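Quick caveat, the model's predicted, so the values are computed rather than measured.
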Amino acid sequence: MTTTAATPIPATARRLADVRMTDAPQVGGKAASLGELLASGVRVPTGMVLTIGAAQLSASDRSSLIRDSVAELGDGPFAVRSSGVAEDGADRSYAGMYESVLDVPTDGLPAAAERVISSANAARVAGYDARANGQIAVIVQRMVRPVAAGVALTADPISGDRDTTVVTAVRGTGDRLVSGDAIGDEWTIRGRSATARRHVERALDADQARGVAAEARRIADARGDPQDVEWAIDANGVLWILQARPMTALPAHVSWTPPAPGGYARGLRFGEWISGPLTPLFESWLLTAMEESFHRVLHAEIGQRFPRPHHVVVNGWYFYSVNWFSPGSLLRGLPGMLGHFVREPRTLAGIMPATVRHAVPILEPLWRDDVQPRYRSAVASAEARVDTLPVGELPLLVDELAARAGEYFMCIAALGGAAYKQELNLAAFYRKHLAPTLGGSHMSLLAGIEPPVEPAPHAVATLDWWYPTGPTTSDSSVTSVDHAAVIRAREDAERAAADALRSDPRRLRTFQRLLAETQHLVPIREEQARELTLGWPVMRRAVLRIGHALHERRLVGSPEDVFFLARSEVLAALESGEVVADDEVAARRALRDEQARLVPPAIVGHMPPMGQKMVEGYTRTIGGVRSDRSLVFGTPASPGRATGSVRVIHGPEQFDDLLPGEILVAPITAPAWTPLFTRAAAVVTDVGSAAAHASIIAREYGIPAIVGCVDATARLRTGMVVTVDGSTGNVEAA
């Protein structure tokens, strides 16, 4: 057998302006890309490239090539950079893998070129891509003296939104940003709107950020794919493009437009309990039934009608309607609410923080004496029947429990919501009358009220009943927390507050009343949360009995496939033997796995302005103030600061990965997550409020917590070292 030798690559130096993508095998991907940019009129520093063949020459030959070719570039300084054959491709960027040398004088070019060539054989390159073959070209360009530099991504790397450009910037050269020594500013540009998400260095103003984004988008439009663009602005305000390559590992391009008009929030109502895409059976059965029951009881109690749909599903994710915040919806519900106000004014008092204390004496007995015992009785009755009922009667059992769970959730929304509003009153008082002299946060007054308890058998990690209930970590103990220390800290805070108000007896009495009323409600919130899912194990047993029956009749491939059928499909299969094809069920499973990798926004559609102002106002009242250095910002939930290594935990299968002293970053936390708080130095969640499980339990453990960050699990990566400030809502690089 004969072999054909590879054609040798000429050992030459070429002008960057003369190379094109067809030359990539000789000059590498980066140089070829720069040549194309120059040809299209993009402002790129002039330069030359030593071909890959030149890298095979002796150092003295390369020195001669450089000397002969840079003469027309004028005096230095120069930037000497790599251009590998596999570099800047659509699948791997090789960002930061090879050496770059900046501010090189003319006589230093040969030595700088040798450093770049040697970096092609570094261990980090082989570790990044085993296909790397050491073939590398060397780019020499006129050095730009930037006053600001950075990267522009023409699609949001977190959400995948192709209509958003993300510009990061630092003062001076961009190597501090690339190396990770600086976090830099971050601007998001959508159309003409430019928002500074982080402005620690103040390297750019809004107009400059828009200018960088416009040039990056022009490059992306010409190339037809989202681009990762390195840029620099010199002292004269001139924008230079230093590099452009395809974005890699970009989330799927999906639309987050809701299927119904209005606005819908991911983290509201049941959304605080849902950590991922919904399974079809949960959404079409338990979730929908709970919502119907919840709204029916809520209408009976306060007279307000809530517009439909109550929720929408977008790309598999749950979003609850915020359209009742709109003036039109409130006006339509006003007659019914006025009727209730005339008959029982204290019922409606729970709507507003200013009057909420008058509603608690009604809401607490409603839950304790009526809804709670009826829910417990229904669960006990179902547990006694679930294993003996004919399979055809099991749907009615599930329907009854789902309705009871919806009623119970109404009590959480009403009484737990009242507790949250009462906390806002205490927070507002603290900020006005105590923070100026004591500092700190009102939250220190609400810890150490009741020690955490072990997760019950009905504890869940998320509401979706596809997941098993009960403890899901090998270390399920919560007894290691030093709760006595938390109590002492709270008592110290109470004494300090009382002492600060001693000279004003009337104000002191107001504070003591607010404190007593708020502390009374703290343990109730977590008790309600623990008991909500009391019916989940028995409902799950009923559903799995149905699944086994369908499997025995060969209507589904496995009993667990039932979770990927809609309620109507389950009923049709039980009644008439209708089948959903195995490949359709498999496709639904695969789709859910894909959707789990998406990063959903906080809102789809449009939040009514009144609702937006209320949310922002609540966050400020609790103490939330975004820092210029913030990597992630959310609602302050438990006070204090902690520094540690991030551990992103998406679900129960990862619970045992959390190490002592790490920062727990999660989509949500629910009662089954409680044992993780014994190991975590702090907790950060995507969704949740100051009334959420993470907030209450973190305070009892005496660890900082921030909730409602939207995309913390995407922005923070396992291994990052960060500082969590639970008093202000900021996560910053340590």
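The shortest side-chain heavy-atom distance between Leu532 and Trp273 falls under the 4.5 Å cut-off. For the pair Pro667 and His650, the minimum side-chain heavy-atom distance is below 4.5 Å. Residues Arg308 and His295 have side chains not in contact (no heavy-atom distance under 4.5 Å, counting atoms from C-beta outward). Contact annotation: the side chain of Pro455 approaches that of Pro675 to within less than 4.5 Å [non-hydrogen atoms, C-beta and beyond]. When side chains are defined from C-beta on, Arg715 does not count as touching Val731, because their heavy atoms never get closer than 4.5 Å. The shortest side-chain heavy-atom distance between Arg567 and Val570 does not fall under the 4.5 Å cut-off. Looking at Leu659 and Arg647, their side chains come closer than 4.5 Å, going by heavy atoms from C-beta outward. Between Val648 and Met720, every side-chain heavy-atom pair lies at or beyond the 4.5 Å cut-off.
Listed for the Ser381 side chain is no donor-acceptor partner under 3.5 Å among the backbone atoms of Ser377. The main-chain N or O of Ile703 is found under 3.5 Å from a side-chain atom of Ser638 such that the two form a donor-acceptor pair. The backbone N or O of Ala566 lies less than 3.5 Å from a partner atom in the side chain of Glu569, making a donor-acceptor pair. Remark: side-chain polar atoms of Trp317 are paired, donor with acceptor, to backbone N or O of Gln595 under 3.5 angstrom. Not a single donor-acceptor pair under 3.5 Å links the side chain of Arg679 to the backbone N or O of Leu664. Between the Thr635 side chain and the Ser689 main chain, no donor and acceptor come within less than 3.5 Å of each other. At least one donor-acceptor pair closer than 3.5 Å links the side chain of Arg162 to the backbone N or O of Gly160. Using modelled atom types, one side-chain atom of Asp686 and one backbone atom of Thr713 make a donor-acceptor pair closer than 3.5 Å.
Residues Val322 and Pro608 come closest through the heavy atom pair O-CG, 3.5 Å. Between His551 and Gly557, the shortest heavy-atom contact is CE1-O, 3.0 Å. Heavy-atom minimum distance, Pro671 versus Arg530: CG-CA, 4.1 Å. For the residue pair Met290 and Ala405, the shortest heavy atom distance occurs at SD-CB, 3.8 Å. Ile649 and Trp673 get closest at one heavy-atom pair: O-CH2, 3.6 Å. Looking at every heavy atom in both residues, Val314 comes nearest to Thr257 through CG1-O, 4.1 Å.
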Which is it for Val562 and Val556 under the side chain to side chain contact (heavy atoms under 4.5 Å, CB included) test, yes or no, and what are the steps along the way? CA-CA 7 Å; Val562 71; Val556 293; 5.8 Å; no
Side chain to side chain contact (heavy atoms under 4.5 Å, CB included) assessment of Asp464 paired with Ile274: CA-CA 7 Å; Asp464 197 321; Ile274 297 171; 5.9 Å; no
How far apart are the C-alpha atoms of Val379 and Leu401, what are their side-chain angles, what is the distance that settles it, and do they pass the side chain to side chain contact (heavy atoms under 4.5 Å, CB included) test? CA-CA 7 Å; Val379 172; Leu401 288 185; 4.1 Å; yes
Is there a side chain to side chain donor-acceptor pair (under 3.5 Å) between His693 and Thr669 once you walk through the steps? CA-CA 6 Å; His693 171 269; Thr669 71; 3.0 Å; yes
Before giving the answer on side chain to side chain contact (heavy atoms under 4.5 Å, CB included), spell out for Thr469 and Thr533 the whole-Å C-alpha distance, their side-chain angles and the decisive distance to 0.1 Å. CA-CA 9 Å; Thr469 60; Thr533 58; over 6 Å; no
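Using bins of under 30°, 30° to 60° and over 60° for the plane-to-plane angle, the ring pair Trp466/Phe564 lands in the perpendicular bin.
For the pair Asp387 and Arg545, the salt-bridge criterion is not met [side-chain N within less than 4.0 Å of a carboxylate O]. Using a 4.0 Å cut-off between a side-chain N of Lys or Arg and a carboxylate O of Asp or Glu, Arg525 and Glu272 do not qualify as a salt bridge. Using a 4.0 Å cut-off between charged side-chain N and carboxylate O, Glu291 and Arg269 make no salt bridge. Between Arg197 and Asp156 no salt bridge is recorded (no basic side-chain N to carboxylate O distance below 4.0 Å). A salt bridge links Glu584 to Arg588: one of the charged nitrogens lies within less than 4.0 Å of a carboxylate oxygen.
If you take CG on Leu415 and CD on Glu527, they are separated by 10.0 Å, rounding to the nearest 0.5 Å. Here the CG-CG distance, from Asp561 to Leu555, works out to 11.5 Å after rounding to the nearest 0.5 Å. Of the inter-residue distances, the one linking Leu463 atom CG with Trp465 atom CH2 reads 11.5 Å to the nearest 0.5 angstrom. Atom-to-atom distance recorded for Arg374:CZ and Asp370:CG is 4.5 Å, nearest 0.5 angstrom. One finds the OG atom of Ser293 at 14.0 Å from the OH atom of Tyr408 (value rounded to the nearest 0.5 Å). Atoms CZ and CZ, from Phe270 and Phe282 in turn, are 8.0 Å apart once rounded to the nearest 0.5 Å.
Side chains of Ser321 and Asn323: a donor-acceptor N/O pair is present below 3.5 angstrom, by distance only. Side-chain atoms of Thr288 and His310 include no donor-acceptor pair closer than 3.5 Å.
None of Trp367, Phe294, Tyr320, Tyr375 except one satisfies the ring pair (Phe, Tyr, Trp, His ring centres under 6.0 Å) rule with Phe409; the exception is Phe294.
Atom CZ of Arg190 has more than 12 neighbouring heavy atoms from other residues, nucleotides or ligands inside a 6.0 Å radius.
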